[in-house]
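Structure first, commentary second.
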2 protein chains.
Amino acid sequence: MSVIRTEPRLDRRTAILDAAEEQFAKHGYDGVTLRAIAKHAGVDVALPNYYFGPKRDLFDAVLLRRAEILNQARLEQLDACLVESERSPTVEAIIRAYLRPMLTGDHVREEGWKNYYALIAYVNNSPEWGGKLMTQFFDPLIERFIDALRLALPGIEDRDLYWAYHCLSGALTLTFAQTGRIDSLSGGLCHSSDLEDAYEHMVRFTAAGFESFRAEASSKKKGRP
Amino acid sequence: MSVIRTEPRLDRRTAILDAAEEQFAKHGYDGVTLRAIAKHAGVDVALPNYYFGPKRDLFDAVLLRRAEILNQARLEQLDACLVESERSPTVEAIIRAYLRPMLTGDHVREEGWKNYYALIAYVNNSPEWGGKLMTQFFDPLIERFIDALRLALPGIEDRDLYWAYHCLSGALTLTFAQTGRIDSLSGGLCHSSDLEDAYEHMVRFTAAGFESFRAEASSKKKGRP
DNA sequence: GGCCAATTTCAACAATTGTTGAAAAAGAAG
DNA sequence: CTTCTTTTTCAACAATTGTTGAAATTGGCC
């Protein structure tokens, strides 16, 4: 009987990362104590420090762990989308490439990914770290998507493009925060937890939003008719 | 010489609320100490507790103070929009009624309002309080806007409508978080602090998003062509 | 077994947390 | 002035924070 023996070192490490991920996502950076993390991970209080150094470094480690995986998955989707369309992708296809990795495979099944996305939502909206950390971990990839969108919307002005992405990012962020607000607002008609439903609606909504900035002769100014 | 003599009691109260508003907005609930608030307000550590009770009650007091003012302003805009259009408003007009109060008058000039909106952004994306607090403070008014949007988009399905509002809320939230991320992402082309610019882009983007859910014969299902 | 390094535990640290009760000061009213 | 209430200060509280260094344990290798 060949028991799979994962090294205890890695077990503890990932247990700490998992616990930290969950706690940070739920209560924010300052709302979490190392003792709470240690307790959830089933380890001693001093162990997080032994592996990751000070609290802040643990936070970064949590953020970094899945960022690379997510970026990789997104990049593959984008490349596939570009190849498939012979470099003439539709806006909708690009948005789907951007969002789909978050709703397929392990990302939907594993609790860890759910926590991670909630954490990203927290970071993205944090005035303290939003600018810095999101830029650091995700913006290089975002540039690729911006380029693709520019391809799909020839003649669009860059300022419009960036603001449109900003709107997409905001909608996505709020979705993954999973606050349950839409549940009560809609009287139980919609559910924060139904990511599939959220996905389809976000795609449609934001695709139309991007399209609205297509370069056209008129309607560039803001005045109402 | 008639010096305006505001009652010191109110001065201290509002000084505490202002300081708390700023600190909570910048660092979140747990990232702020009562001592930091007291110091910024220029009062003793014990005074916040004297006026507002425990820390959590102070937080609620901060949230409540401007919520009523904002809701009132939004309601006026919505009513004016409905009257002006003889109950056939456009989607864009409704969205403008929803967003405009945040960009006119004191709301743009006063630092306090800026902090308040950043705080709302924090709350709206908080898994801990997002559902509860936003519902409590804002959802009664949101229902009015939902009704107006239903009027402007006859035949739209309610589920689509709520998800569309969700997207709008997310974009708005990220805008007011003012993280500076779009500044670096766009290479200085756009600025988080340029709320006028953000406003016009959000209106256009989200109006198109809502319109995309207009009841139509086809394209109800999600499959790609 | 013994040896060495990596890992884990334990206890304690200084600093900081929210909160409180009593004392002090300020204001109002007579 | 005196008297009473409201407001403000002060000092202290128990609890909790992140972090650390030394001791204890474990694991691999000879």
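The sequence lines fix the lettering, A, B, ..., with proteins before strands; numbering per chain opens at 1. This structure is a prediction, so every number in the text was calculated from the model and none was measured.
Separating the CZ atom of B:Phe24 from the C1' atom of C:dG18 is a distance of 12 Å, rounded to the nearest angstrom. Distance CG (A:Asp44) to P (D:dT19): 15 Å, rounded to an integer number of Å. A straight line from NZ of A:Lys55 to P of C:dA15 spans 19 Å, rounded to a whole angstrom. The CZ-C1' distance, from B:Arg35 to C:dT20, rounds to 12 Å in whole Å. One atom, CG of B:Asp11, and another, P of C:dG27, lie 12 Å apart when rounded to the nearest Å. Across the protein-nucleic acid pair, B:Lys39 atom NZ and C:dG18 atom P stand 14 Å apart, rounded to whole Å. Note: CZ (B:Phe52) to C1' (C:dG18) measures 16 Å, nearest angstrom. As rounded to whole Å, 17 Å separates atom P of C:dG21 from atom CG of B:Leu47.
A centroid separation of 6.0 Å or more is found between the aromatic rings of B:Phe59 and B:Phe52. Annotation: A:His201 is in aromatic contact with B:Phe213 [ring centroid separation under 6.0 Å].
In terms of phosphate contacts, A:Asn49 brings a side-chain nitrogen or oxygen within less than 4.0 Å of OP1 or OP2 of D:dT20. Contact check, B:Arg12 against D:dT8: a side-chain N or O comes under 4.0 Å of OP1 or OP2. Applying the 4.0 Å criterion to OP1 and OP2 of D:dT8, one finds that B:Arg13 has every side-chain N and O outside that range.
Once rounded to the nearest 0.5 Å, the distance linking CZ of B:Arg144 with CG of B:Asn71 reads 11.0 Å.
Closest contact between the side chain of B:Thr33 and the listed nucleotides D:dT19, D:dT9, C:dT17 involves C:dT17. Nearest nucleotide to the side chain of B:Tyr51, out of C:dT7, D:dT8, C:dC10: D:dT8. The side chain of A:Tyr50 has C:dT8 as its nearest neighbour among D:dT9, C:dT8, D:dT20. Candidate nucleotides C:dG18, D:dT20, C:dG21 were compared by shortest atom distance to the side chain of B:Ala46, and C:dG21 ranks first.
Looking at B:Gln72 and B:Glu76, their side chains do bring a donor and an acceptor atom within 3.5 Å of each other.
Both A:Gly42 and B:Val32 sit near DNA chain C, but only A:Gly42 has its closest nucleotide nearer the 5' end.
The shortest side-chain heavy-atom distance between B:Tyr50 and B:Asp44 does not fall under the 4.5 Å cut-off.
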